[in-house]
Amino acid sequence: MREKIVLIDGHSILNRAYYGVNMGMTNFEGLHTNAVYGFLNILLKIIDEEQPQYITVAFDVKAPTFRHEMYEAYKGTRKGMPEELHEQVPLTKDVLKAMGIQVAELPGYEADDILGTLSARCEKEGLDVVVVSGDRDMLQLASGRIKIRIPKTKGGTTAVEDYLEKDVMEKLGVTPSEFVDVKALMGDSSDNIPGVPGIGEKTAFALIQKYHSLEAVYADVDNVKPARAQKALAAGREMAELSQTLARIDRECPVEFSLEQARIGKLFTPEAYEIMKRLELRSLLKRFEAGCQTQNSVERTFLYLDDLEGAELAFEKAMEAERIGIQLVAEDGELLGLSLAFGEEDVYFLEASGFLTGEYLTGKARQLCLRGKDTWMLDLKEALPYLDIEETEGVYDAGVAGYLLNPLKSAYVYDDLAREYLELTVPSRTDLLGKVSFRSALQDKKESCITCFCYSAYTAMASGEILLRKLRETGMEPLFREIEMPLIYSLYHMEKEGIQVEKEALRVYGETLQVQIERLEIEIYELSGETFNINSPKQLGVILFEKLKLPYGKKTKTGYSTSADILEKLAPEQPLVAKILEYRQLTKLKSTYADGLAVYIGEDGRIHGKFNQTITATGRISSTEPNLQNIPVRMALGREIRKVFVPKEGYVFVDADYSQIELRILAHMSGDSRLIEAYHQAEDIHRMTASQVFHVPFDEVTPLQRGNAKAVNFGIVYGISAFGLSEGLSITRQEALDYIKQYFETYPGVKIFLDGLVDSGKEKGYVTTLFGRRRPVPELSSSNFMQRNFGERVAMNSPIQGTAADIMKIAMIGVDRRLRREKLRSRLILQIHDELLVEAAEDEVEQVKRILKEEMDGAAELSVPLEVDLNTGYSWFETK
DNA sequence: CTACTCACG
DNA sequence: ACGTACGTGAGTAGT
């Protein structure tokens, strides 16, 4: 049996762990611990799987490397590590030391080189080698005995990709050592390896696959095709050779290493246990405890009740508890049971049956919520129909809290929260119940149900305190208490209210569309000479670009792009193309809107869509089942559909939308005096921008200038890039660059502000809104150029979009509260990001308008006014 | 289940 | 980890 060593790329795995695990994680001292936690999880997982005899972790040391000396632009790969991650490096080393794991470092060399050297030495010693890194560069080390393992986080779970030499060849089509030469040609922004200008990934791979080495490529450079590549190669020879040296991992660096010190001894030492305790890494603590044999882990016990006396007793005790967790279990409007947690040993599931009725349980749950102490739930909005409470002090939603702490997660379910905040691994709902309904699960697997529901209530209760502490530490407690929690009730009210839709009119609209669709279908088949599925981009691509030989603009992964912007640019005069575009428009309206909306019309003639609070990265809400935030408005025909959204008898719609809220927020947040002044002066912001940027009097701005200024304004809000602007305006990159330059010269404060966002984002790892909402931007420290660029745009956009979302949420809460407190019959029914729709009683219209204006204007005090446009109408079509 | 397309702010 | 504007959700095809 061969012996085995695991070699770990310390920084790279820490980095991965940092962004993979909940970012706000700290211990009571305020030390950030998430990366250490993630790192140790990966470490232990690898040790479990590989069962190695030896292990060593390599770290970079801050010192110039030979790469810096060769190439002054070389930046190294560990730049831009956020402070919260940086401080975890020594912490990790402490843990490793306590576990008796050898750390290898060498000034002047990167961890890559140490790993390269150690893997070569160990292979020579006859060991199997496993290299663990987040970096694909390591693939050049792969051999028959050296396996590269790359952990990837996908949707919260870590999967590990394994590469032996054969896997590299299979997946990349080159050998590990050839891979170096590919990189020498194409460059690698992740390592700041320049490569040969003009040679991209495809060409680089093709060349090396043909010639097998950089040297061989150059030996035959005169015969390389295409000519463009040949020219690039000839011009970039020095660069290629330099890049080759930069890209090649040093396998003979003078690092000190002793196999004996790498031998794995007792990992779960008392010293390590102490550190785990100090870092409050509870789930890991269990494993270290076992190693110390100090204590056995406790199985959690859950109790089942279906009798009245037992329930009474449980509720009595819960009424006294300082903090409880509740999970209602309901289906189709009927309460099937509830779980209740009010202590480590007091977790119950109460099933509705016999005298223990649903009504009884909801009544008790309501009393618990109103008892004046902390009550934590998951998805409070779902429970509100049963609880029948209004905004209540002390009632909290743990999912919403979790969302604020990290809005990038895909879900905020109990098992995720338990893992992140309690460091507890518990079975998920799907693990326990599968995808069946609660009702049938309660029949067939009661035990699993009890476990599932009890964990949910327990997690809500137990994580509550921690969540609140973290919100406090991150400065988000006011955001949570004053905006997100009250908003739950406003959203619930909107969902409950719904919007009336004229079913018959919708059907007629759909039929009209259908007639036109069928006419177009025939015409399209005639023009193209055959019948095919027009809805299939694949088939359509074949017809347009192969059969009819139209020039194709762009290719997607799977074929030709047939998107509207491409088709419009390509052949606006082609009748077939025009008809296809029209067909697309009509079928979209028919399937998504005419047919799509119809299925959501309820018994009451209204659509009760859902408004989701924990979906977006920026703090916006989202709308589903159906999406009522993307009802057509831009095109005339699509806009027609708004005629079927009508107020009920005796009511009228009042629609209020913020005018240019994001640009006004930009003016405020940047503090640019000219921009602030501009918005004080003019209603027409784009015109004003054009006037100032292009140096023309306000009244002489041409429509073209205004349009350009508008696009630039959009670009600024989206996180400006010359590429994006040039696409948006169909101009060259250089022209776009000039516009941007002129804009920043006009508003220097904006430039300073946006640069500051990127800088602070890089430093902190997240950006914030005016109200303290955070968005982590892990892409900012990515070594990949494209990803980092994306991160920079996100850092510029999120504070603006997010602040607008904050302000709208404040306004919504204000409007909803006032309509109710002033005893009006009018109700808020929709929010579309910068727009609110109220179904107003006809005799209340003036009051409603006043409320909307006051609450929206007054939602934030900015250095520029917040303008609100008001419209009324007897359908949503009319309110424009 | 993913890719593409397109509706909105 | 996308050959780029930011943020969403839904329907259809095709694996």
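Each chain gets a letter, A, B and so on, in the order the sequences are listed, and its residues count up from 1.
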At under 4.0 Å between heavy atoms, what does A:Gln801 touch on the DNA or RNA strands: base, sugar-phosphate, or nothing?
-> base

Residue pair A:Val794/A:Phe723 against DNA chain C: nearer the 5' end by closest nucleotide is A:Phe723

Classify the nucleic acid contact of A:Asp657 as base, sugar-phosphate or nothing, counting any heavy atom under 4.0 Å across all strands shown.
-> nothing

Kindly say whether A:Arg584 contributes a backbone atom to a donor-acceptor pair with the side chain of A:Thr587 at under 3.5 angstrom?
-> yes

Using a strict cut-off of less than 4.0 Å between a Lys/Arg side-chain nitrogen and an Asp/Glu carboxylate oxygen, indicate whether A:Glu779 and A:Arg793 qualify as a salt bridge.
-> no

Answer yes or no: does atom OH of A:Tyr552 have more than 12 heavy-atom neighbours from other residues, nucleotides or ligands under 6.0 Å?
-> no

What heavy-atom pair brings A:Leu725 and A:Ala736 nearest, and what distance separates the two atoms?
-> CD2-O, 3.7 Å

Would you tell me if any nitrogen or oxygen in the side chain of A:Thr556 comes within less than 4.0 Å of OP1 or OP2 on B:dC4?
-> yes

Side-chain donor/acceptor of A:Glu867 to backbone N/O of A:Ser659, under 3.5 Å | no

Within 6.0 angstrom of A:Phe714 CZ, more than 12 heavy atoms from elsewhere = no

Would you indicate what A:Ser721 reaches in the nucleic acid, counting non-hydrogen atoms under 4.0 angstrom: base, sugar-phosphate, or nothing?
-> base

Does A:Glu640 pair with A:Lys643 as a salt bridge, N-O distance under 4.0 Å?
-> yes

Under 4.0 Å between any heavy atoms, over every strand shown, what does A:Ser561 touch: base, sugar-phosphate, or nothing? Just pick one.
-> sugar-phosphate

Give one of base, sugar-phosphate or nothing for A:Asn627, where a contact means two heavy atoms less than 4.0 Å apart.
-> sugar-phosphate

Test item: A:Ser670 side-chain N/O and A:Val750 main-chain N/O as donor-acceptor pair under 3.5 Å = no

In whole Å, what separates the C1' atom of C:dA1 from that of B:dC6?
-> 24 Å

Taking OP1 and OP2 of C:dA5, is either one under 4.0 Å from a side-chain nitrogen or oxygen of A:Ser726?
-> no

Name the nucleic acid region contacted by A:Glu779, choosing base, sugar-phosphate or nothing; use a 4.0 angstrom heavy-atom cut-off, strictly under.
-> base

Which of C:dG11, B:dG9, C:dT4 is nearest the side chain of A:Ser591? It is C:dG11

Nucleotide nearest A:Ile615 (side chain, heavy atoms from C-beta), chosen from C:dT12, C:dG7, C:dT8 = C:dT8

Taking only side-chain nitrogens and oxygens of A:Arg775, does any of them come within less than 4.0 Å of OP1 or OP2 of C:dG7?
-> yes

Given atom CD of A:Glu625 and atom P of C:dT8, what is their separation to the nearest angstrom?
-> 18 Å

B:dT5 phosphate, OP1 or OP2: any side-chain N/O from A:Thr562 under 4.0 angstrom?
-> yes

Rounded off to whole Å, could you give me the NZ-to-P distance for the A:Lys588 and C:dG9 pair?
-> 13 Å

Answer with base, sugar-phosphate or nothing: what part of the nucleic acid does A:Asp834 contact at a heavy-atom distance below 4.0 Å?
-> sugar-phosphate

Could you please name the option among B:dT5, C:dA13, C:dG9 that lies closest to any side-chain atom of A:Arg584?
-> B:dT5

Sub-4.5 Å side-chain heavy-atom contact between A:Arg642 and A:Thr879 = no

For ring-ring contact (aromatic ring centres under 6.0 Å, His included), just list the numbers for A:Tyr743 and A:Tyr747, CA-CA rounded to whole Å, side-chain angles, deciding distance to a tenth of an Å, and then say yes or no.
-> CA-CA 6 Å; A:Tyr743 182 94; A:Tyr747 309 116; 4.9 Å; yes

Heavy atoms under 4.0 Å, any strand shown: does A:Ser782 hit a base, just sugar-phosphate, or nothing?
-> nothing

When you get a sec, tell me which of B:dT5, C:dT8, C:dG14 is the closest nucleotide to the side chain of A:Thr616?
-> C:dT8

Can you find a side chain N or O atom of A:Asn533 that sits less than 4.0 Å from OP1 or OP2 on C:dA13?
-> yes

On a whole-Å scale, what distance lies between the P atoms belonging to C:dT4 and B:dA3?
-> 15 Å

For A:Ile631, which contact category applies under a 4.0 Å heavy-atom criterion: base, sugar-phosphate, or nothing?
-> sugar-phosphate

Measure the distance from NZ on A:Lys435 to P on B:dC1 and round it to the nearest whole Å.
-> 6 Å

Which is true for A:Glu662 with a 4.0 Å heavy-atom rule: it touches a base, it touches only sugar-phosphate, or it touches nothing?
-> nothing

Value in whole Å for how far the P atom of B:dC8 lies from CZ of A:Arg634 | 5 Å

So what does A:Gly719 touch, heavy atoms closer than 4.0 Å: a base, only the sugar-phosphate, or nothing?
-> nothing

Quick one: which of B:dC8, C:dG7, B:dC4 gets closest to the side chain of A:Thr618?
-> C:dG7

Closest nucleotide among C:dA10, B:dC4, B:dC8 to the A:Thr558 side chain | B:dC4

When you measure from the side chain of A:Tyr403 to the backbone N and O of A:Thr616, does any donor-acceptor pair fall under 3.5 Å?
-> yes

Could you give the OH-to-C1' distance, from A:Tyr600 to C:dG11, as a whole number of Å?
-> 11 Å

Looking across every strand, which nucleic acid part, if any, lies under 4.0 Å from A:Ala804 by heavy atom: base, sugar-phosphate, or nothing?
-> nothing

Secondary structure string for DNA chain C (Watson-Crick or G-U under 3.5 angstrom, | for other-strand pairs) = .....|||||||||.

Between A:Arg620 and A:Leu597, which has a closest nucleotide on DNA chain C that is more 5'?
-> A:Arg620

Rounded to the nearest angstrom, tell me the gap between atom CG in A:Asp565 and atom P in B:dC4.
-> 14 Å

Output yes when at least one side-chain N/O atom of A:Lys538 is less than 4.0 Å from OP1 or OP2 of C:dT15, else no.
-> yes

Could you give the distance separating B:dA7 and C:dC2 at their P atoms, to the nearest angstrom?
-> 26 Å

C:dT4 phosphate, OP1 or OP2: any side-chain N/O from A:Arg793 under 4.0 angstrom?
-> no

For A:Lys809 and A:Gly619, indicate whether the former's side chain and the latter's backbone hold a donor-acceptor pair under 3.5 Å.
-> yes

Look at the side-chain N and O atoms of A:Ser536 and state whether any lies under 4.0 Å from the OP1 or OP2 oxygen of C:dG14.
-> yes

What does A:Ala564 touch in the nucleic acid at a heavy-atom separation under 4.0 angstrom: a base, only the sugar-phosphate, or nothing?
-> sugar-phosphate

Counting heavy atoms from C-beta on, name the nucleotide in C:dC2, B:dC8, C:dA10 closest to the side chain of A:Thr592.
-> C:dA10

Sticking with atom C1', work out how far B:dC1 lies from C:dG3, rounded to a whole angstrom.
-> 24 Å

How long is the line joining CG of A:Leu737 and P of C:dT4, in whole Å?
-> 18 Å

Nucleotide nearest A:His833 when distance is taken to its side chain, options B:dA7, B:dT5, C:dG7 = C:dG7

Side chain of A:Gln585 only, please: which of C:dG7, B:dA7, C:dG14 is the nearest?
-> B:dA7

Identify whether any heavy atom of A:Ala736 sits under 4.0 Å from a base atom; if not, whether one sits that close to sugar-phosphate; answer base, sugar-phosphate or nothing.
-> nothing

Nucleotide nearest A:Asn535 (side chain, heavy atoms from C-beta), chosen from C:dT12, B:dG9, C:dG9 = C:dT12

Using atom CG of A:Leu666 as one end and atom C1' of C:dA5 as the other, report the distance to the nearest whole Å.
-> 16 Å

